[in-house]
Amino acid sequence: MIKVANIFVNIPVKSIAKAYSYAIPDKFSFLQTGWRVFVPFGNRKVEGFIVNISAADATTDLLKLKEIIDIVDEEPWFTDKMLKIAKWMADFYLCSFAEAMRLFMPGKTGLQIKPVYLIGDQKPDATILQVNFYVEVYNFIMLHQPVSLYDLRKNFPEFDIDAIIALFLQHKFILKDYSVKKNTVNRYEKIVELIQSTFCETNFSRKPAQKNLLQLLQNRKSIPISELKAEKITMTTIQALVQANLIRINERRIYRDSYEHTASQGKKNVILTEEQETAVNELIKSIEQKENKTFLLYGITGSGKTQVYIEAANKVRQAGQHVIVLVPEIALTGQLVSSFKYYFKQDIIVLHSRLSISERNDAIRRIKQNEIGIVIGARSALFTPIDHIGLIILDEEQDASYKQDESPRYHTRDVAQALARIHKAILVLGSATPSVETFARAQNKEYTMLTLSKRIGNIPLPQVTTVDMRAELKQGNRNIISRDLKKLIEETIAKKEQVIIMLNRRGFSTFVMCRSCGHVIVCKDCTLPLVYHQNGKLQCHHCDSSDVVPDVCPKCGSRYIKYFGTGTERLEHELRTLVPTARIIRMDRDTTTKKFAHTEILTQFKQGLYDILLGTQMVAKGHDIPNVTAVGIISADSSLNVPDFRSAERCFALITQTAGRAGRGDIPGKVIIQTYNPEHYAVHCGMQQDYLAFYKNEIVFRKQLFYPPYSNLIKMTVQNADEQKALAEATEFVTLFRSSFKDINSSQIIGPAPAMISNLRGLYRINILIKTNQPAVVKKFMVEQKLHIKNNIMLDINPLNTM
Ligand code: ADP
Ligand code: ZN
Ligand code: ZN
């Protein structure tokens with residue numbers, strides 16, 4: 001009987017997004033679902049993933065069926081659960097199955113991880129040593145370790161290698177390890193270890209070097225030979241003891257781990273606050289009952305959310321299950337890593353995109369070996385082979401970096417939820433400023449709300465004031481820094497306390513504003529801010545109408561129109577002039593290109609080497625520096641002028657987060673918000689750090705305009721080198737959609753209109769936005785139109801950015 005494998009080829013081309021059938025040759029009869037193999041495709045040899053296997057039947061055209069050429073690994077790469085999550089993603093995001101499966105591979109393609117075998121702790125016993133072929137295989141491994149299965153099969157074609165390996169592994173005569181091919185070599189070090197735990201000291205009275213080594217080994221089970229040189233212990237000494245059968249030389253794998261030296265940081269015997277305890281108890285109840293449930297841990301800044309995560313993780317580890325902790329940007333989250341390290345030590349692995357491929361492979365290998373209980377990482381940490389997941393934590397769940405902005409355009413929250421469902425795990429979403437969608441779900445009891453309403457130690461929230469920059473200009477100050485902020489900086493530095501200044505760059509290049517009156521040029525039809533383009537044109541990205549930049553403000557006649565904001569460098573320069581004594585460190589895209597630059601900057605600032613930390617949104621993220629007592633927010637409201645329905649939400653969250661950096665120690669903090677829009681509810685509620693008030697305002701507007709959480713969004717971008725063709729294709733779809741979905745209470749379509757980046761690499765880009773409360777029906781319709789496999793169309797399900 002011929003077996004047929006259905007295989008997705010690993011090629012990122014949408015139009016071949018289906019499985020192809022290949023015959024399984026006899027020598028690979030062991031293949032199962034989840035294996036990676038090489039197959040002929042056209043006249044190429046490509047990698048493919050087996051998604052299922054069946055017997056050939058009458059309909060199979062055996063003559064046309066090509067054969068699998070080779071295997072990539074020596075065991076399946078995908079578990080059933082990994083395949084399930086990939087399938088879910090393909091269905092939900094209308095991407096190809098292969099695209100989703102690629103996420104599970106570090107470096108995405110071509111990587112080979114294969115098992116290798118090393119000599120183990122147990123010596124084979126006499127019965128084994130009587131059997132010739134056991135001895136041969138054992139000796140071969142000893143001589144050539146690490147040895148691959150392939151090498152063993154090649155050398156002993158007449159033996160049943162699989163059975164021998166299984167027996168050896170079972171008795172720990174050998175160990176299994178994983179070796180990674182492709183730009184990376186495993187590193188091993190030679191170590192010495194004791195064979196017998198005691199020795200007779202008098203035997204060594206005239207051999208001080210040998211005695212010294214034995215004594216060192218009494219304290220530490222094993223010591224790398226490289227370290228012994230520093231102890232002046234020579235190879236001769238080591239060999240003598242090996243000969244005497246007292247010690248042996250062995251090999252040990254060295255791991256690359258950039259976080260190896262991250263200091264663990266924490267407090268002993270923390271007594272939970274009442275609110276923390278309530279939250280932890282709720283979580284523990286669900287963990288014990290192995291419920292699949294989603295929680296929102298809504299806790300203001302400084303309320304001790306991390307400790308709640310740690311207690312829950314601890315419970316899950318005690319139950320023998322695994323934990324995934326997701327953070328938006330790991331480089332800015334050294335603190336969470338430190339806290340987890342303090343409690344969980346070596347049980348943690350930290351994954352993020354700035355790790356080298358080798359580091360990531362080492363990490364994945366340790367996960368496969370079941371050596372790791374907790375994975376901390378950015379969104380890609382969802383795609384590791386970690387199994388038996390009991391808890392997934394998503395810290396700062398509202399953060400935009402949880403959305404992947406290339407295909408598949410998944411949101412970490414959605415995938416985490418699907419993964420939690422598959423594993424019957426609990427999901428904890430944590431935030432001081434939850435996304436409006438998440439908060440609405442918690443209000444509807446879809447999620448369970450856990451609240452931390454007080455700061456630890458009842459430290460008061462910082463005292464926040466706003467400065468109206470229009471008044472500042474009228475009174476003759478044309479600087480970026482207001483007089484109040486300058487004064488606050490000087491006072492703070494004089495007290496030897498520290499300042500954070502955040503410059504909101506978001507949206508700045510996109511709108512035109514008057515500095516005298518704060519007026520922003522908007523579309524006459526949609527009242528949304530017009531977007532400034534390099535050619536001097538202003539364009540509406542919703543209805544496609546356009547305008548030119550005026551010379552004077554249409555509202556107040558001032559010539560201070562055309563304000564596009566400032567960069568961090570100019571701000572730094574101004575600060576140095578205004579406050580010459582201050583020691584300033586800048587954190588923005590330019591100063592953080594190097595591998596651990598973020599951490600370095602934050603560490604130096606924390607150590608007090610600088611008075612002012614100045615930077616973009618990055619400085620707002622979750623660090624905890626007790627000596628920071630003042631925070632300045634420049635152009636807090638610029639994000640309000642981005643023509644996107646989430647701009648108020650982003651503005652509010654940014655103000656709250658940044659303000660939350662102030663006064664986390666014993667001294668209450670002071671915050672100054674510089675704005676042109678002090679009346680706007682996002683600024684006003686941000687100033688009061690009142691999430692609930694913000695939410696109440698925002699949700700009304702979302703309902704009126706049929707935006708999430710009242711609808712689901714689907715964004716479609718049509719690309720074409722010919723602008724008219726792109727527009728025609730988009731228009732045709734809009735017409736078709738309107739005639740198919742007539743009930744505007746359940747589905748609406750906006751556009752076509754040029755995308756924010758209206759021309760990319762010679763392609764014109766036209767957007768369409770669908771709002772619907774029947775997302776499954778709309779998606780099915782789009783699939784029927786074959787939009788998901790057209791190479792010139794990009795689909796974004798639940799886009800974060802509608803432009
Ligand atoms: P959040 O993430 O909610 O902003 P953190 O988790 O950073 O807050 O906690 C703020 C500070 O309070 C940290 O320094 C943390 O170590 C400390 N902390 C948390 N819980 C307790 C507790 N129960 N007792 C004492 N200190 C605590
Ligand atoms: Zn318009
Ligand atoms: Zn004006």
Side-chain angles (χ1 to χ4, degrees), residues 114-126 128-129 131-152 155-156 161 164-165 167-181 184-257 260 346 358 361-362 365-366 369 371:
K114 61 176 185 183
V116 289
Y117 300 95
L118 302 159
I119 292 301
D121 300 334
Q122 295 295 325
K123 281 257 179 302
D125 46 51
I128 295 285
L129 292 175
V131 184
N132 246 338
F133 57 84
Y134 284 151
V135 176
E136 272 186 59
V137 173
Y138 186 81
N139 286 343
F140 183 84
I141 295 176
M142 186 147 62
L143 272 175
H144 300 282
Q145 62 180 338
V147 177
S148 73
L149 209 52
Y150 178 83
D151 286 342
L152 287 170
N155 268 280
F156 305 104
I161 284 296
I164 299 174
I165 291 293
L167 180 86
F168 281 9
L169 280 175
Q170 189 196 341
H171 292 284
K172 298 205 168 71
F173 301 153
I174 60 171
L175 297 171
K176 189 177 186 182
D177 195 346
Y178 287 85
S179 128
V180 180
K181 270 195 198 165
T184 155
V185 235
N186 293 333
R187 291 191 296 156
Y188 290 86
E189 62 182 354
K190 285 219 167 2
I191 55 166
V192 293
E193 49 193 19
L194 279 184
I195 293 175
Q196 289 165 11
S197 51
T198 54
F199 66 97
C200 179
E201 293 213 7
T202 47
N203 289 352
F204 293 91
S205 50
R206 281 203 243 133
K207 296 168 189 154
Q210 292 184 23
K211 187 170 156 190
N212 185 13
L213 176 54
L214 287 170
Q215 275 168 342
L216 284 173
L217 282 168
Q218 298 269 295
N219 297 328
R220 289 166 62 183
K221 266 171 58 194
S222 63
I223 303 179
I225 289 185
S226 55
E227 272 183 42
L228 291 175
K229 286 190 184 123
E231 302 279 344
K232 299 212 165 43
I233 291 170
T234 62
M235 254 346 257
T236 326
T237 308
I238 297 170
Q239 289 299 355
L241 287 173
V242 172
Q243 288 296 322
N245 214 16
L246 285 166
I247 66 170
R248 69 174 155 233
I249 299 176
N250 221 333
E251 282 195 331
R252 182 164 65 191
R253 178 83 176 265
I254 307 173
Y255 295 113
R256 283 151 280 227
D257 177 5
E260 198 175 9
Q346 300 307 317
S358 333
N361 287 328
D362 281 353
R365 182 247 166 218
R366 292 177 69 190
Q369 288 280 77
E371 288 173 13

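The figures here come from the full heavy-atom set of this structure, side chains too, leaving out hydrogens, waters and symmetry mates.
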Check: Hey, what do you get for OG1 (Thr236) to CG (Leu241), rounding to the nearest 0.5 Å?
Finding: 11.0 Å
Note to self: How long is the straight-line distance from CD of Glu371 back to CZ of Arg366, given to the nearest 0.5 Å?
What the structure shows: 5.5 Å
Next item on the list: Return the minimal non-hydrogen interatomic distance between Leu217 and Glu193, and the atom names on each side.
Entry: CD2-CA, 4.3 Å
Item checked: Approximate separation, where rounding is to 0.5 Å, of Ile249 CD1 and Ile238 CD1 -> 6.0 Å
Notebook entry, point to check: Going by the side chain to side chain donor-acceptor pair (under 3.5 Å) test, which pairs reach into residues 132-146, not counting sequence neighbours?
Noted result: none
Check: If you look at every heavy atom in Leu152 and Ile165, which pair is closest and at what distance?
Finding: CD1-CD1, 3.5 Å
Margin query: Could you report the tightest heavy-atom contact between Leu129 and Pro124, atom names first, then the distance?
Written below: CD1-O, 3.8 Å
Item checked: Distance, nearest 0.5 Å, that separates CE of Met235 from CD1 of Ile225 -> 4.5 Å
Notebook entry, point to check: Distance from Ile174 atom CD1 to Tyr117 atom OH, nearest 0.5 Å?
Noted result: 6.5 Å
Next item on the list: Verify side chain to side chain contact (heavy atoms under 4.5 Å, CB included) between Leu214 and Lys211, making sure each step is shown before the conclusion.
Entry: CA-CA 5 Å; Leu214 287 170; Lys211 187 170 156 190; 5.8 Å; no
Checklist line | Residues Phe140, Phe156; criterion side chain to side chain contact (heavy atoms under 4.5 Å, CB included); working and verdict | finding: CA-CA 10 Å; Phe140 183 84; Phe156 305 104; 3.8 Å; yes
Check: So do the side chains of Ile119 and Asn250 get within less than 4.5 Å of each other, counting heavy atoms only?
Finding: no
Next item on the list: Identify the heavy atoms of Leu169 and Leu175 that sit nearest to each other, and give their distance.
Entry: CD2-C, 3.9 Å
Notebook entry, point to check: CD1 of Ile161 to CZ of Phe168: how many Å apart, nearest 0.5 Å?
Noted result: 8.5 Å
Notebook entry, point to check: Does Gln369 use its side chain to pair, donor to acceptor, with the backbone of Lys176 at less than 3.5 Å?
Noted result: yes
